[in-house]
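Down below is the structure, laid out as structure tokens.
Computed from heavy atoms alone, side chains included, the values below leave out hydrogens, waters and symmetry copies. Here the structure is a predicted model, which means the values were calculated and not measured.
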Amino acid sequence: MASTRVLSLFLIIFSSAFLSEAEAQAQAPPPVAKGLSFTFYDSQCPKLESIVREHLKKAFKKDIGLAAGLLRVHFHDCFVQGCDASVLLDGSASGPGEQDAPPNLTLRPSAFKAIDDLRAAIDKKCGQVVSCADVTALAARDSVFLSGGPEYRIPLGRRDGLSFATRDATLASLPAPTSNVTVLLNALSKLNLNDKDLVALSGGHTIGIGHCSSFSNRLYPSRDSTMDQTFAKRLYSTCPSSNADNTTVLDIRSPNTFDNKYFVDLMNRQGLFTSDQDLYSDGRTREIVKSFAVNQGLFFEQFAASMVKMGQLSVLTGRQGEIRASCSVRNKRSQSEEGIWSLVDDLLQTTLAQS
Ligand code: HEM
Ligand SMILES: *[C@@H]1O[C@H](CO)[C@@H](O)[C@H](O)[C@H]1NC(C)=O
Ligand SMILES: *[C@@H]1O[C@H](CO)[C@@H](O)[C@H](O)[C@H]1NC(C)=O
Ligand SMILES: CC(=O)N[C@H]1CO[C@H](CO)[C@@H](O)[C@@H]1O
């Protein structure tokens with residue numbers, strides 16, 4: 001009798017402790033940046049989201065690697081001077097820019113083309129009303145979902161920037177794959193992203209590939225001791241020398257599926273980059289890695305929240321920036337957009353004065 005009482009008391013305490021932990025884990029949706037909204041294109045381009053989804057569904061049937069390419073382009077765009085499509089600007093005409101910086105050298109040309117194709121499809125239905133920055137954000141969102149990841153909504157209304165970042169600014173904004181957790185946490189905290197954001201966003205490496213040059217620091221001159229030996233053997237055959245030009249998948253368990261296997265890799269010391277494996281080696285982030293490895297739902301929830309946060313970094317809104325006609329070049333007229341408004345004002349003044 002007494003023991004049943006004790007047991008039920010135990011159960012009550014246990015289950016309420018469990019509940020409050022679950023509640024603590026539930027994500028409050030991140031705040032929406034001023035000027036963005038979930039209904040931004042509802043009147044001007046009501047079919048926007050289905051155009052993007054249907055287009056990418058077809059494109060991924062031909063090349064699933066494109067999903068990884070598009071996700072990475074959005075990350076690079078947002079981390080360097082904000083999500084303003086600056087990464088899409090072709091720097092060659094105006095000197096070295098974001099595109100010429102080493103991290104860009106491995107962005108996939110097919111991703112840039114897909115964004116152009118998407119814009120063309122959207123323009124055909126709606127006219128030139130949707131920014132390249134929003135197209136990039138939507139393409140990344142659907143790349144996740146169509147690869148098996150979570151479906152989530154993102155606020156829209158970003159405007160396209162008028163300039164690209166310099167090569168040096170690009171290098172300074174994107175952490176290197178050789179970074180440890182200290183360096184990564186520091187870099188992300190400058191963007192108001194925390195330890196959970198770091199681990200969840202790194203989970204983007206559940207799809208896609210990397211070049212030898214991005215992880216040869218872990219093979220040469222000697223094997224990084226935090227790397228599994230059998231895994232290392234595989235990598236040595238992929239990259240027989242420190243400057244070999246070859247690629248391998250980021251998530252050996254399910255390279256083309258957006259799932260939580262990346263975190264299982266890390267727990268098995270099969271992370272590819274130092275920046276991946278250190279998330280498990282470092283006590284500050286290890287428990288977060290474990291929690292995602294055993295609970296895909298938890299990872300998906302945190303990833304969606306962190307992507308919404310990342311997708312709103314230093315966005316341009318309202319009358320800032322422009323809506324680019326072609327995603328890879330600034331509008332010709334746009335320097336004088338302000339000029340045009342003042343011209344309109346002048347005309348009005350004159351008309352008023354005359355009447
Ligand atoms: C935390 C810091 C990060 C570092 C140091 C990093 C570094 C890298 C590197 C070095 C590559 C491979 C480049 C190559 O050798 O070809 C790569 C690929 C990739 N990254 Fe990251 N990354 C980070 C965060 C992110 C984030 C936040 C996302 C998205 C949420 C992301 C998504 C991807 C994807 C999808 C690929 C594969 C691209 C492809 O297959 O074309 N990464 N990353
Ligand atoms: C992390 O990397 C930085 C820069 O390379 C280095 O100064 C620091 O000692 C490293 N921290 C740890 C804990 O390894
Ligand atoms: C590239 O990697 C594969 C295994 O991933 C390997 O069989 C091949 O020999 C490598 N190519 C070169 C040029 O090293
Ligand atoms: C210098 C350089 O190679 N820049 C490239 C950056 O990425 C885009 C898309 O792949 C290329 O068009 C640029 O040439």
Report task. Carefully, step by step, assess Leu279 and Val181 under the rule side-chain contact (heavy atoms from CB on, under 4.5 Å). Result -> CA-CA 6 Å; Leu279 297 174; Val181 164; 4.1 Å; yes
Is a donor on one side and an acceptor on the other found under 3.5 Å between the side chain of [X] and the backbone of [Y]?
X      : Y      : result
Gln44  : Tyr41  : no
Arg72  : Thr106 : yes
Gln302 : Ala200 : no
Glu151 : Asp142 : no
Asp224 : Thr226 : yes
Thr39  : Asp42  : no
Ser202 : Leu198 : yes
Asp160 : Ala85  : no
Asn246 : Cys239 : no
Ser131 : Asp134 : yes

Strictly below 4.0 Å, N to O, side chains only: are [X] and [Y] in salt-bridge contact?
X      : Y      : answer
Arg269 : Asp228 : no
Arg153 : Glu49  : no
Lys113 : Asp117 : yes
Arg286 : Asp282 : no
Arg253 : Asp265 : yes
Arg159 : Asp84  : no
Lys261 : Asp251 : no

Looking only at heavy atoms, what is the nearest atom pair of [X] and [Y], with distance?
X      : Y      : value
Ile115 : Cys327 : CG2-SG, 4.2 Å
Cys83  : Ala133 : O-CB, 3.5 Å
Leu71  : Ser143 : N-OG, 4.4 Å
Tyr280 : Leu266 : CD2-O, 3.6 Å

Query raised in the report: Can you get from Leu138 to Leu316 by hopping between Ile, Leu, Val, Met, Phe, Trp and Tyr side chains that sit under 4.5 Å apart?
Result: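 Hydrophobic grouping puts Leu138 apart from Leu316.
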Query raised in the report: Would you say Val52 and Phe145 are hydrophobically clustered, going by side-chain heavy atoms of ILVMFWY under 4.5 Å?
Result: yes
Can you tell me how far apart [atom1] ([X]) and [atom2] ([Y]) are? Round to the nearest 0.5 Å.
X      : Y      : atom1 : atom2 : answer
Ser328 : Arg119 : OG    : CZ    : 10.5 Å
Arg234 : Met227 : CZ    : CE    : 11.0 Å
Tyr262 : Phe292 : OH    : CZ    : 11.0 Å
Arg284 : Asp278 : CZ    : CG    : 8.0 Å
Glu322 : Arg330 : CD    : CZ    : 6.0 Å
Ser214 : Leu272 : OG    : CG    : 8.0 Å

Query raised in the report: Please walk me through it: do Leu36 and Ile154 pass side-chain contact (heavy atoms from CB on, under 4.5 Å)?
Result: CA-CA 9 Å; Leu36 299 187; Ile154 56 170; over 6 Å; no
Query raised in the report: What do you reckon, is NZ of Lys290 surrounded by more than 12 foreign heavy atoms closer than 6.0 Å?
Result: yes
Query raised in the report: side-chain contact (heavy atoms from CB on, under 4.5 Å) between Phe164 and Leu88: does it pass, once the steps are laid out?
Result: CA-CA 9 Å; Phe164 52 76; Leu88 306 179; over 6 Å; no
Query - From CA spacing to verdict: side chain to side chain donor-acceptor pair (under 3.5 Å), Ser216, Asn243 - result: CA-CA 8 Å; Ser216 60; Asn243 59 356; over 6 Å; no
Query - Residue pair Phe299, Phe258: steps toward the ring pair (Phe, Tyr, Trp, His ring centres under 6.0 Å) verdict - result: CA-CA 11 Å; Phe299 164 50; Phe258 197 101; 5.8 Å; yes
Query raised in the report: Is the Tyr152 ring parallel, tilted or perpendicular to the Phe303 ring (thresholds 30°, 60°)?
Result: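 The rings of Tyr152 and Phe303 stand perpendicular, inter-plane angle above 60°.
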Report task. Compute whether any side-chain donor of one residue and acceptor of the other, for Asp259 and Thr257, lie under 3.5 angstrom apart. Result -> no
Requested in this report: Please test Thr136 against Arg158 for side chain to side chain donor-acceptor pair (under 3.5 Å), starting from the C-alpha separation and ending with a verdict.
Outcome: CA-CA 10 Å; Thr136 305; Arg158 296 167 189 78; over 6 Å; no
**Report entry** Evaluation steps, side-chain contact (heavy atoms from CB on, under 4.5 Å), between Asn256 and Ser147
**Finding:** CA-CA 7 Å; Asn256 295 320; Ser147 303; over 6 Å; no
Query raised in the report: Can you list the steps and then say if Asn194 with Ser189 is a side chain to side chain donor-acceptor pair (under 3.5 Å)?
Result: CA-CA 6 Å; Asn194 60 30; Ser189 74; over 6 Å; no
